[in-house]
Amino acid sequence: MSEFFPEVTKIKYEGKDSKNPLSFKYYNPDEVVGNKTMKEHLRFAVCYWHTLTGGGTDPFGAATMIRPWKADLAPMDLAKVRAEACFEFLTKLGVQYFCFHDRDIAPEGDNLFETNKNLDIMVDFIKSLMKKTGIELLWGTANLFNHPRFVHGAATSCNAEVFAYAGAQVKKALEVTKELGGQNYVFWGGREGYETLLNTDIGLELDNLARFLQLAVDYAKEIGFRGQFLIEPKPMEPTKHQYDFDVATVLGFLAKYNLTPYFKMNIEANHATLAGHTFQHELHVARVNGVLGSVDANQGDELLGWDTDQFPTNIYSTTLAMYEILKNGGIAPGGLNFDAKVRRASFEPSDLFIAHIAGMDAFAKGLKVAYKLLEDRVLENFIEERYSSFREGLGKQIVEGKVTLQDLEEYALKQGPIRNKSGRQELLEMIVNQYILEV
Ligand code: XLS
Ligand code: NI
Ligand code: NI
């Protein structure tokens, strides 16, 4: 096998004083934080679509990426060299997991039969690379949005033939994910949403989406696929209104269709911000509802209203994300998947390494800060005290469901002037900053 990135050797931890861009400054895989190593806490994954397949096109310009393989190879040959390059990349970076869509790893053939044949060949090929390198599959998924047949959506298409095609594709993607030992399976809504209500039957589309997910649950059971099912919320893009808007919306949908037991969430930072939430908000809502499953680690741009999928370098955000993940008791069997792409102008192969290193370091630092914040119970103690009125007297009775409106009236008529305490937001922000700077 030829080497694709000869200018890069295995990336090492050199510590925070290193000036070497191709080294970790904070991510030290074997360093123990609490009861786990950093590697076990963070469970990093590389995504195939942005890092191996993406070429850097945008609506105004052609691909810019210089990649160490020839783009004019026959489609299956190209698929194979990409896979080899992928495993060299992961090995040199020291990342244990990858994620893919069916169509990232193998090209479409003339019909579904040929397409599935291509996929089978590539799955065999990738399986042997996984065996050789020890790298594992975090999750698989089906691309139900790129091909023109999905113009009106997949499971929520107005066309039953498209529903059938999408079902066949998910069936195969589940088999392939199982074959490669995938620990999770992701449903991101692709084009499941609408552009205008003037031509849309939302009721039927949502019922169909639920039917589609139930079929996947049933088939997974039938073939013995035990990975965790994940839904990845997103509020918009590519459709104007995506059905899986945010965690709260998906929770309501799952409850309505009795699908709650089978799904957790894959939270993407940039999708949270598009929904008008912070990354922490979405992680937190998922966590307190017991559905925090995995993370697509990236970040958006505060000034741009689309899914820019930048590498996550904002330490404030990674700190609060790791705080939620630690409070969740970890992220396994999910992980931190870099659903992120280098900027179009960062077109050299070494930029791929630098970008991932930047993201891994930002999460490693976030992990350490979050661990210390939790160890010192900085926010916990404050929050506990803030709600202390619900642990005794009337508050306790409210929580225990022992009061009526008449009781409340009786109490309110008798009580003196109400006294509230400061929420001390600025104090807490000051303390979080102190931890970020000092840990
Ligand atoms: C798109 C999504 C997509 C999913 C996988 O915005 O983030 O990349 O993660 O289908
Ligand atoms: Ni994503
Ligand atoms: Ni995204």
Side-chain angles (χ1 to χ4, degrees), residues 43-55 57-59 97-105 137-147 150 153-156 166 169-170 172-174 176-177 182-193 209 212-213 216 227-247 250 263-277 279 282-283 286 292-301 304-312 317 321 331 334-343 356 359:
R43 296 172 60 82
F44 289 125
V46 165
C47 88
Y48 215 96
W49 52 101
H50 287 315
T51 293
L52 279 305
T53 322
T57 53
D58 75 7
Y97 301 100
F98 72 113
C99 302
F100 67 85
H101 302 85
D102 46 4
R103 302 299 175 252
D104 302 333
I105 60 168
L137 178 61
L138 188 68
W139 51 261
T141 188
N143 182 327
L144 305 177
F145 46 90
N146 191 63
H147 193 279
F150 298 119
T156 66
Q169 208 177 313
V170 166
K172 182 74 182 168
L174 282 169
V176 159
T177 301
Q183 302 191 15
N184 307 268
Y185 184 89
V186 166
F187 291 90
W188 166 60
R191 292 180 192 275
E192 317 292 25
L209 180 57
F212 192 84
L213 295 175
Q228 174 66 51
F229 273 144
L230 300 168
I231 292 184
E232 183 178 324
K234 186 177 186 181
M236 62 189 81
E237 198 196 302
T239 72
K240 174 179 152 171
H241 180 100
Q242 297 276 123
Y243 289 135
D244 297 332
F245 194 93
D246 60 2
V247 172
V250 176
F263 291 88
K264 289 192 173 182
M265 311 271 173
N266 183 35
I267 309 293
E268 179 162 322
N270 203 169
H271 296 181
T273 47
L274 283 179
H277 302 307
F279 184 23
E282 285 292 80
L283 293 166
L292 176 49
S294 199
V295 168
D296 271 7
N298 63 14
Q299 70 186 29
D301 185 298
L304 302 175
W306 66 87
D307 198 12
T308 57
D309 285 343
Q310 286 160 237
F311 275 85
S317 166
I331 196 70
L336 300 181
N337 167 46
F338 289 110
D339 189 353
K341 57 186 175 207
V342 287
R343 297 303 84 193
H356 282 85

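Just so we're clear, the structure is a prediction, and the values are computed from it rather than from any experiment. As the structure lists them, so they are numbered: ligands from 1, and atoms in each ligand from 1. Hydrogens, waters and symmetry mates play no part in the numbers below; they use all other heavy atoms, side chains included.
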Note: L230 and G293 closest approach over all heavy atoms is CD2-CA, 3.8 Å

Check whether any side-chain N or O of T53 sits under 3.5 Å from a backbone N or O of Y48 as a donor-acceptor pair, and report yes or no.
-> yes

Contacts of Q228 meeting side-chain hydrogen bond (donor to acceptor under 3.5 Å, both in side chains) (sequence neighbours excluded), chain-then-number -> none

Can you pull every nitrogen or oxygen pair between ligand 1 and the protein closer than 3.5 angstrom?
unit_1   : atom_1 : unit_2 : atom_2 : d
ligand 1 : 6 (O)  : K234   : NZ     : 2.8
ligand 1 : 6 (O)  : H271   : NE2    : 3.1
ligand 1 : 6 (O)  : D307   : OD2    : 2.9
ligand 1 : 7 (O)  : E232   : OE2    : 2.7
ligand 1 : 7 (O)  : E268   : OE1    : 2.7
ligand 1 : 7 (O)  : H271   : NE2    : 3.3
ligand 1 : 7 (O)  : D339   : OD2    : 2.8
ligand 1 : 8 (O)  : W49    : NE1    : 3.3
ligand 1 : 8 (O)  : D339   : OD2    : 3.0
ligand 1 : 9 (O)  : E232   : OE1    : 2.7
ligand 1 : 9 (O)  : E232   : OE2    : 2.9
ligand 1 : 9 (O)  : D296   : OD2    : 2.9
ligand 1 : 9 (O)  : D339   : OD2    : 2.9
ligand 1 : 10 (O) : H101   : NE2    : 2.7

Between the CG atom in N184 and the CG atom in N266, the distance rounded to the nearest 0.5 Å is 8.0 Å

Residues T308 and R343: closest non-hydrogen pair is O-NH2, 2.6 Å

So CG of D307 and CG of N270: to nearest 0.5 Å the spacing works out to 4.5 Å

Nearer than 2.8 Å to the Ni ion (ligand 3), the protein contributes N, O or S atoms numbering 3

Next on the checklist: With a 4.0 Å cut-off on N to O distance, would you call D102 and K172 a salt bridge?
Outcome noted: no

Can any side-chain N or O of E192 pair as donor or acceptor with the backbone N or O of T156 at less than 3.5 Å? yes

With sequence neighbours left out, the residues meeting side chain to side chain contact (heavy atoms under 4.5 Å, CB included) with T141 are H101, W139, V186

